[in-house]
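Values reported hereafter were calculated over all heavy atoms of this structure, with side chains retained and with hydrogens, waters and symmetry mates removed. No experiment lies behind these values; they were computed from the predicted model shown.
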Amino acid sequence: MEVDRFLRIYSKKLKIDPPTFKVKHQKKRWGSCSADNILRINFQLVMAPSEQLEYVVVHELCHVKEKNHSARFWKLVGELMPGYEVHRKSLKKDGWRYVL
């Protein structure tokens with residue numbers, strides 16, 4: 001899985017150490033970031049296109065800096081991954097295909 005590679009790339013851009021992550025089953029989320037910055041990525045994303053997994057990693061990594069979905073959060077996501085909206089929309093549209 002490319003989670004580790006994406007975390008290294010984008011953590012460097014954010015000037016932070018790559019956080020700990022776990023790949024696990026989550027019934028209602030593609031990813032999450034805990035208060036202590038442990039990222040959880042849904043294992044079902046292995047079936048998704050790489051760009052959608054990359055978007056989820058970027059999204060959750062941005063929560064290390066911004067713990068909400070404020071305008072500052074979305075600006076940060078856009079700075080790290082210009083055009084992320086395309087992957088966000090396609091995950092919303094096609095995500096049901098990856099659910100086991």
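There is no side-chain donor-acceptor pair under 3.5 Å between S32 and E60. Under the 3.5 Å distance criterion, with hydrogens and angles disregarded, a donor-acceptor pair is assigned to the side chains of N37 and K67. Looking only at atom types and distance, the side chain of Y84 has no donor-acceptor partner in the side chain of E54 under 3.5 Å away. Residues H59 and H69 bring a donor and an acceptor atom of their side chains to less than 3.5 Å of each other.
Using a 4.5 Å cut-off on side-chain heavy atoms (C-beta onward), I16 and L61 make contact. In this structure, the side chains of L14 and V64 stay at 4.5 Å or more apart for every pair of heavy atoms. Residues E51 and V86 form no side-chain contact, since every pair of their non-hydrogen atoms from C-beta on lies 4.5 Å or further apart.
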Exercise. Between R40 and F21, does a side chain to side chain contact (heavy atoms under 4.5 Å, CB included) hold up when you go through it step by step?
Worked result: CA-CA 6 Å; R40 288 173 181 79; F21 75 94; over 6 Å; no
Problem set entry | side chain to side chain contact (heavy atoms under 4.5 Å, CB included) evaluation trace for K24 with F43 | CA-CA 5 Å; K24 57 184 286 179; F43 83 93; over 6 Å; no
Exercise. So L39 and L7, side chain to side chain contact (heavy atoms under 4.5 Å, CB included) or not? Walk me through it.
Worked result: CA-CA 10 Å; L39 305 188; L7 277 177; 3.5 Å; yes
For this session: Verify side chain to side chain contact (heavy atoms under 4.5 Å, CB included) between F6 and L53, making sure each step is shown before the conclusion.
Result: CA-CA 9 Å; F6 290 141; L53 171 61; 4.2 Å; yes
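In this structure, W30 CH2 and Y98 OH are separated by 7.5 Å, a value rounded to the nearest 0.5 Å. The CD atom of E66 sits 4.0 Å away from the CZ atom of R72 when rounded to the nearest 0.5 Å. Once rounded to the nearest 0.5 Å, the distance linking CG of N68 with CH2 of W74 reads 11.0 Å. Here CG of N42 is found 8.5 Å from CE of M47. Values are rounded to the nearest 0.5 Å. Atom NE2 of residue H25 and atom CG of residue L100 lie 7.0 Å apart, to the nearest 0.5 angstrom. A distance of 9.0 Å separates CG of L45 from CD of Q26, quoted to the nearest 0.5 Å.
Shortest non-hydrogen contact noted between P18 and S11 is CA-OG, 3.3 Å.
In summary, E85 and R88 do not engage in a salt bridge, as defined by a charged side-chain N under 4.0 Å from a carboxylate O.
A single hydrophobic cluster is not seen to contain both V57 and I38; linkage of ILVMFWY side chains at heavy-atom distances under 4.5 Å, directly or through other members, places them apart.
Heavy atoms of other residues, nucleotides or ligands lying less than 6.0 angstrom from CG of D17 number 12 at most.
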